Amino acid sequence: MIRKIGISTGGGDCPGLNAVIRAVVRAAKLHYRWDVIAIEDGFDGLIYSRNLKLLTLDDIRGILHRGGTILGTTNRGNPFKHTVEENGKMVVKDLTPQILENIDILGLDAIIVIGGDGTLAIARDLGKLGVNIVGVPKTIDNDLSATDLTFGFTTAVATATEALDRLHTTAESHHRVMVLEVMGRDAGWIALESGIAGGADVILIPEIPFDIDKVAQKVKRRQITGSRFSVMVVAEGAVPVDGEKSIIAAASEEYQNVRLGGMGYIVARAIEERTGIESRVAVLGHLQRGGSPTAYDRILATRFGAMAADLVAASKFGHMVCLRGRRIESVPIEKAIGKLKRVDPNGQLVFTAEQMGIEFGRPYS
Ligand code: F6P
């Protein structure tokens with residue numbers, strides 16, 4: 001018998017999080033007659049029992065179209081290995097006993113956790129300790145294998161496409177090479193889809209290590225056939241055939257992913273050296289994570305939130321919602337995490353892009 005659930009958002013934010021929160025609260029309150037407790041800043045809210053309050057329908061009014069998350073989030077820390085200060089020293093501790101105690105004090109029958117791979121892995125482990133967890137996947141990177149799409153992705157693609165449209169006009173006016181660096185970690189989905197939508201001349205993605213001479217050839221070919229400018233999309237995780245990823249900061253106990261960035265500058269410099277054409281870079285960065293979600297992402301997020309409430313009602317704990325074709329379904333979190341969904345270098349989408357003349361920098365074979 002469910003009476004009260006908690007809801008939290010963890011990991012990097014993503015357009016559509018608020019739409020999920022709204023859907024969960026509406027389904028919980030209007031359909032199931034449950035109370036919903038807001039857990040702020042991922043699992044930190046439960047560790048420190050910070051500002052844990054009942055969410056009312058008023059609290060979620062007007063948030064469907066708003067970016068970010070009203071619950072706050074963090075992509076640092078893990079309650080199983082939390083860095084805390086003790087007697088003036090930083091030590092790593094397991095703070096899950098505090099979480100279990102607070103869940104008990106609050107009387108939470110289940111928790112809906114909205115997060116990416118890292119957050120869902122923690123959710124799975126809390127499930128092993130007896131917490132009734134239901135997951136909702138999120139990431140602009142669209143790199144979770146268990147779901148055909150994650151909300152936030154189409155918004156990020158739309159933002160990158162608009163940026164490309166703008167870069168096109170300035171590239172053409174100045175007869176320059178304009179490079180747009182986009183996010184996506186080790187998956188090239190944002191670069192690939194925005195590159196196709198924005199009519200890019202070159203797309204560089206992590207799944208196809210690139211030969212910079214091949215890319216320079218493309219720019220020169222365009223030059224001699226009268227197109228004196230080129231527009232390129234470079235995924236932050238793109239990698240040269242004979243080089244490495246561009247890493248800004250190493251992973252740590254607190255921040256479990258390496259921070260990528262800078263490949264756009266490396267490519268622009270190399271192209272300018274090889275072609276003599278002035279090259280400039282725009283790094284889209286967190287603009288891809290902010291702002292209003294597309295209609296598609298609002299609908300997907302709403303469907304995910306409603307289904308998460310249904311999973312709680314059906315006691316399908318340890319599961320997360322997912323999209324399969326056009327249907328919302330569920331999958332055990334255990335099976336869903338740790339498997340990246342990456343672009344198939346020989347798949348249909350890349351092939352279509354190549355048919356359009358887009359250069360991926362595949363080395364000459
Ligand atoms: O996973 C989402 C994402 O935006 C990646 O595309 C990017 O590499 C990373 O998060 C950036 O994280 P942060 O917000 O810590 O800079």
Side-chain angles (χ1 to χ4, degrees), residues 9-17 20 41-44 67-69 71-78 83 113-123 135-147 149-161 163 180-195 203-207 233-239 244-266 281-291 293-294 297 300-301 320 336-343:
T9 49
D13 70 345
C14 167
L17 284 172
V20 181
D41 302 337
F43 296 107
D44 285 4
T69 160
L71 299 176
T73 189
T74 172
N75 54 6
R76 293 188 167 270
N78 173 346
T83 309
V113 174
I114 311 162
D117 222 46
T119 306
L120 291 172
I122 297 167
V136 176
K138 65 89 228 174
T139 167
I140 60 162
D141 304 338
N142 196 33
D143 59 354
L144 297 180
S145 61
T147 181
L149 268 180
T150 41
F151 61 86
F153 172 66
T154 74
T155 307
V157 170
T159 304
T161 302
L180 180 68
E181 183 181 301
V182 297
M183 284 184 166
R185 279 199 219 279
D186 295 319
W189 295 109
I190 298 176
L192 176 58
E193 297 213 359
S194 65
I203 301 176
L204 303 180
I205 57 174
E207 294 85 347
V233 191
V234 176
E236 61 180 359
V239 54
E244 313 237 308
K245 280 191 240 176
S246 180
I247 294 175
I248 298 175
S252 64
E253 200 76 78
E254 274 291 285
Y255 189 90
Q256 281 156 13
N257 290 298
V258 294
R259 273 181 63 211
L260 295 166
M263 189 48 77
Y265 286 97
I266 293 170
V281 184
V283 179
L284 202 50
H286 293 78
L287 291 172
Q288 290 156 101
R289 294 238 302 260
T294 57
D297 283 341
L300 184 60
M320 67 168 219
I337 54 179
K339 273 180 251 150
L340 271 190
K341 178 179 66 194
R342 303 182 75 201
V343 173

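In this chain, residues are counted from 1 in sequence order. Whatever order the structure lists them in is the order used to number ligands and atoms, beginning at 1. What's counted below: heavy atoms across the whole structure, side chains too, no hydrogens, waters or symmetry copies. Everything numeric in this text was worked out from a predicted model, so none of it was measured.
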query: Closer than 4.0 angstrom: is that true for some heavy atom of His286 and an atom of ligand 1?
result: yes
task: Say whether Leu260 and ligand 1 are in contact under the criterion: heavy-atom distance to a ligand atom below 4.0 Å.
output: no
- prompt: Hey, what do you get for CG (Leu260) to CZ (Arg185), rounding to the nearest 0.5 Å?
  reply: 7.5 Å
Within the 4.0 Å heavy-atom shell around [X], which atoms of ligand 1 are there?
X	result
Arg185	1 (O), 5 (C), 6 (O), 8 (O), 9 (C), 10 (O)
Gly184	6 (O)
Glu236	5 (C), 6 (O), 7 (C), 8 (O)

May I ask you to identify the nearest protein heavy atom to [atom], giving residue, atom name and distance to one decimal place in Å?
atom	value
atom 1 (O) of ligand 1	Asp141 OD2, 2.7 Å
atom 15 (O) of ligand 1	Tyr255 OH, 2.5 Å
atom 11 (C) of ligand 1	Arg289 NH1, 3.5 Å

query: Quick one: does Phe153's side chain get under 4.5 Å of Ile190's, heavy atoms only?
result: yes
task: Indicate yes or no: at least one non-hydrogen side-chain atom of Thr119 is less than 4.5 angstrom from one of Phe43.
output: yes
- request: Name all residues meeting the side-chain contact (heavy atoms from CB on, under 4.5 Å) criterion together with Thr147; count only those two or more places apart in sequence or in a different chain, and write none if there are none.
  value: Pro137, Leu144, Thr150, Phe304, Cys322, Leu323
- request: Return the set of residues passing side-chain contact (heavy atoms from CB on, under 4.5 Å) with Ile266 (not counting sequence neighbours), or none when no residue passes.
  value: Ser246, Met263
query: Do Thr74 and Asp41 meet the criterion of a side-chain donor-acceptor pair at a distance under 3.5 Å?
result: no
query: Taking heavy atoms and a distance under 4.0 Å, where does Asn75 meet ligand 1: side chain, backbone, both or neither?
result: side chain
- request: Decide, yes or no, whether a salt bridge links Arg76 with Asp44 under the criterion of side-chain N to carboxylate O below 4.0 Å.
  value: no
